[in-house]
Amino acid sequence: MTGGRTADVGGVTVSLDHYVNGRRIGSADTFEDRSPLDWSLKLGDVARGDATVARDAVTAAIGAADGWAALGPAGRATILRRLADLIDEHVEPLATVECLDMAMLHESLRARVIGRGARNFRAYADLAEHHEPRRWSSNGTDNEVRRMPAGPTVVITPWNAPFMLSTWKSAPALAAGNTVVLKPAEWSPLSCSYLCDLAEEAGIPPGVLNVVQGLGGEVGAALVADPRVRRISFTGSPETGQLIGVAAARNLVPFTAELGGKGPLLVFEDADLAAAATTAARMYDDAGQVCLAGTRLLVASGVAEEFYERFRAATDAHVLGDSRDPATTISPLIHPQHLARVEGFVERSRVAGDTVVFGGHRWKDDGLWYEPTLIRPRDNDAEIVQSEVFGPVLTLQEFADEDEAAALANSTKYGLTAMVFTRDASRASRLGDALRAGTIWVNTFLVRDLTAPFGGCNASGIGREGGDYALDFYSELKTVQVREDTTYG
Ligand code: NAD
């Protein structure tokens with residue numbers, strides 16, 4: 001079905017169609033996309049892809065693969081850097097679209113998040129272009145490890161930070177020479193649609209980057225089931241990660257899964273309590289819809305009271321409101337279903353006997369905001385401690401010593417991030433060993449070096465992306481061994 005349907009999203013024109021083989025195509029079916037800022041505002045009826053669209057997109061990716069691979073790392077890098085420049089030039093419209101579609105704060109989108117999308121493309125263009133293959137001699141042979149594009153890659157992303165996460169995964173796949181079919185989440189698909197316009201303007205050839213819209217169980221499931229796909233990169237919930245793992249296993253396709261989190265934030269007696277408390281209050285940013293957040297506050301008993309006072313003051317400084325208003329620091333949640341899910345967690349916690357210290361309610365009857373909430377659980381097995389809420393809900397527990405702190409920190413099924421506040425360098429180093437998480441921040445939070453590995457342990461994920469770890473994942477590695485005394489005649 002030919003496309004051509006667009007929406008006016010805060011004055012920005014965004015296609016509601018798929019983008020396959022360099023063309024906009026529609027679907028007979030659509031799904032509604034509404035704004036969390038005002039649920040009565042329908043942003044558009046977005047094309048609802050099915051198995052046919054999924055098949056066509058993978059076919060397009062296969063058709064474009066040889067040409068894209070033939071450009072080599074330097075040729076691809078030139079185009080990807082052009083795309084990065086275009087993202088930087090379109091920060092305002094992208095921020096407008098993402099703010100209306102997902103409700104992330106406009107100011108942080110404008111100042112940081114959209115620019116991170118450009119950085120993703122630049123960083124991987126540089127890494128792929130300047131990669132030095134490993135070369136060495138052994139057993140009478142000269143050896144070299146080469147990277148070969150893996151092939152058509154499916155990227156599936158969640159609704160929180162859709163632009164940043166989609167570029168975080170598409171950029172290394174493209175830089176490594178793969179062609180991509182990207183499926184953004186159905187609750188916030190529009191910034192990825194806008195990305196296609198920029199990709200086309202940057203000169204990405206037709207079929208190299210395809211975007212299909214639709215529901216996970218429909219077009220998403222069809223994409224990951226396609227045996228022609230050679231890599232799957234997924235970010236989302238552990239439950240969907242399991243389904244994708246099953247589909248990948250059927251076709252023997254390597255996949256990475258960046259999944260949920262329930263990070264501990266540990267505060268020791270010797271910590272800079274002001275910094276720890278301010279950082280803890282930042283866990284309410286983006287209404288807590290952040291996989292990396294330290295949602296379990298674990299505080300040394302001796303400083304628990306002082307920490308709490310400071311944390312409470314920092315939390316009171318938050319401003320709930322419209323994400324377009326620069327004064328706002330807490331946005332609404334993404335969707336009424338998600339608000340009900342967050343409410344359900346808090347209600348079950350209350351009923352089970354946990355103490356809701358503050359918050360625990362919707363902010364207003366007629367919006368999707370939920371108050372910043374703090375809960376003291378009755379014990380460590382409480383659901384509110386063990387399960388990811390993905391909303392503005394933190395727990396506070398005390399510990400007696402370092403061993404207990406580490407044991408509590410490692411006591412959930414997750415292992416994405418951990419934060420430690422201490423002035424003791426040897427303690428920081430010991431916890432760097434003891435904590436089971438993919439990223440451990442000491443006296444800081446959210447600082448990201450794109451060359452570092454990123455991913456989670458246990459239910460927080462499989463595999464690592466970031467830097468060369470991602471480029472290796474999106475490549476087939478091969479070893480070429482040449483006998484040292486070979487003479488070619
Ligand atoms: P989700 O698992 O419901 O959906 C994620 C994506 O998977 C969506 O695009 C969805 O359409 C698709 N999908 C759903 N079912 C599918 C299927 N059967 N086959 C193929 N695709 C399918 O997750 P969500 O609610 O969108 O996102 C929230 C989750 O993502 C949270 O658990 C959060 O912690 C996690 N997350 C993790 C990271 C990380 O880097 N580790 C980053 C952001 C979000």
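Counting starts at 1 for both ligands and their atoms, following the listed order.
- Nearest to atom 6 (C) of ligand 1 among the protein's heavy atoms is T157 O, 3.4 Å.
- By the criterion of a heavy-atom distance under 4.0 Å, neither the backbone nor the side chain of W187 is placed next to ligand 1.
- For atom 11 (O) of ligand 1, the closest non-hydrogen atom of the protein is E186 OE1, 2.6 Å.
- Protein heavy atom closest to atom 15 (N) of ligand 1, with residue, atom name and distance, is T240 CG2, 3.4 Å.
- Nearest protein heavy-atom contact of atom 31 (C) of ligand 1 is E388 OE1, 3.4 Å.
- Heavy-atom separations between G461 and ligand 1 are all 4.0 Å or longer.
- In this comparison of T439, L259, I334, the heavy atom closest to atom 37 (C) of ligand 1 sits on L259.
- Judged as a side-chain hydrogen bond (donor to acceptor under 3.5 Å, both in side chains), the pairs with a partner in residues 371-391 (not counting sequence neighbours) are, in order, R348-E383, D354-R378, R376-E398, N380-Q397, N380-S411.
- Of the candidates I87, D88, L450, L450 is the only one forming a side-chain contact (heavy atoms from CB on, under 4.5 Å) with R119.
- Taking atom 23 (O) of ligand 1 as the reference point, the nearest protein heavy-atom neighbour is S237 N, 3.4 Å.
- When the heavy atoms of W159, F234, F390, Y414 are ranked by distance to atom 24 (P) of ligand 1, first place goes to W159.
- Residue L223 does not touch ligand 1, judged by heavy-atom distances below 4.0 Å.
- Residue pairs meeting the side-chain hydrogen bond (donor to acceptor under 3.5 Å, both in side chains) criterion with at least one member in residues 446-464, sequence neighbours excluded, are R436-N458, D449-T451.
- If you check which protein heavy atom lies closest to atom 36 (N) of ligand 1, you get C291 CB, 3.7 Å.
- When A221, G236, S166 are ranked by how near their heavy atoms come to atom 29 (C) of ligand 1, first place goes to G236.
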